[in-house]
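What follows is one structure encoded as structure tokens, with my remarks underneath.
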Amino acid sequence: MQHWLMKSEADCYSIDDLKQDKKTLWTEVRNYQARNFMRDMQVGDIVLFYHSNGGAATGIVGEVRVSKVGVVDPTQFDAASEYYDAKASKGKPRWECVEVQFVKKYENPILLSELKAKKQYQDMIVTQPGNRLSITPVKRKHFDLISKVGS
DNA sequence: GCCAACGTTGGC
DNA sequence: GCCAACGTTGGC
């Protein structure tokens, strides 16, 4: 089993939204690196849920579980969607996604400022300057630490 | 709201 | 296949 981190702006789709929905399709990713990481995911993998672009509240706010993999992202075929991709077809889809389920919301979210301040987190991808990737792999040691501190 | 970083597009 | 222009992300 592997661990991951997925970003979402809280205004757009927050951990509370997922708690309510119970599960959701992680659609609208239009970055090949992020898509490829989703392809590497397996059912049962645990993902750290990160609120991006949230000022002082930016950080890891909970955990979700991968419940389906290899789902074709339907928004790529929707001409009305801002995520429509004219180069994708049903026979040759470009974008795929996973389904995730709510696991838990942290009592103590781990803020980005804290991740950056503590040396044990400094080799995480999310703390690298200029990092914009919305889906990244997370090492076991980092996951265990964050899960313990956050829960 | 600014801007640095960086991914994508398209002309050549 | 290079690279300039452009768009987007996301921290600050």
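Here the structure is a predicted model, which is why all the values come from computation and not from measurement. Naming convention: chains lettered A, B, ... in sequence-line order (proteins, then strands); numbering from 1 in each chain.
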- Only one of K23(A), E99(A), K22(A) forms a side-chain hydrogen bond (donor to acceptor under 3.5 Å, both in side chains) with S67(A), so which one is it? E99(A)
- Message: Can you tell me how the ring of W26(A) sits relative to the ring of Y13(A), calling it parallel under 30°, perpendicular over 60° and tilted otherwise?
- Response: perpendicular
- Message: So if I apply the side-chain hydrogen bond (donor to acceptor under 3.5 Å, both in side chains) rule between K118(A) and each of E114(A), Q122(A), Q120(A), which one comes out positive?
- Response: E114(A)
- Using the salt bridge (Lys or Arg N to Asp or Glu O under 4.0 Å) rule, collect all pairs that involve residues 125-150 of chain A, keeping only residues at least two apart or in two chains. D123(A)-K139(A), D123(A)-K141(A), R140(A)-D144(A)
- Note on the structure: The correct set of residues in residues 29-37 of chain A placing a heavy atom under 4.0 Å from DNA chain B is N31(A), Y32(A)
- Task: For nucleotides 3-12 of chain C, just jot down a letter per nucleotide in 5' to 3' order: B, S or -, based on protein non-hydrogen atoms under 4.0 Å.
- Result: ----BBBBBS
- Message: Main chain of T75(A), side chain of D78(A): is a donor-acceptor contact present, judged purely on distance under 3.5 Å?
- Response: no
- Task: Hey, can you tell me if F37(A) and W4(A) have their rings parallel, tilted or perpendicular (30° and 60° cut-offs)?
- Result: tilted
- Query: Closer to the 5' end of DNA chain B via nearest nucleotide, is it R94(A) or P129(A)?
  - Reply: P129(A)
- Message: Count I, L, V, M, F, W, Y as connected when their side-chain heavy atoms are under 4.5 Å apart, and connections chain through other members. Are F102(A) and I135(A) then in the same cluster?
- Response: yes
- Note on the structure: Closest heavy-atom pair, I146(A) versus L115(A), reported as atoms and distance to 0.1 Å, is CD1-CD2, 4.3 Å
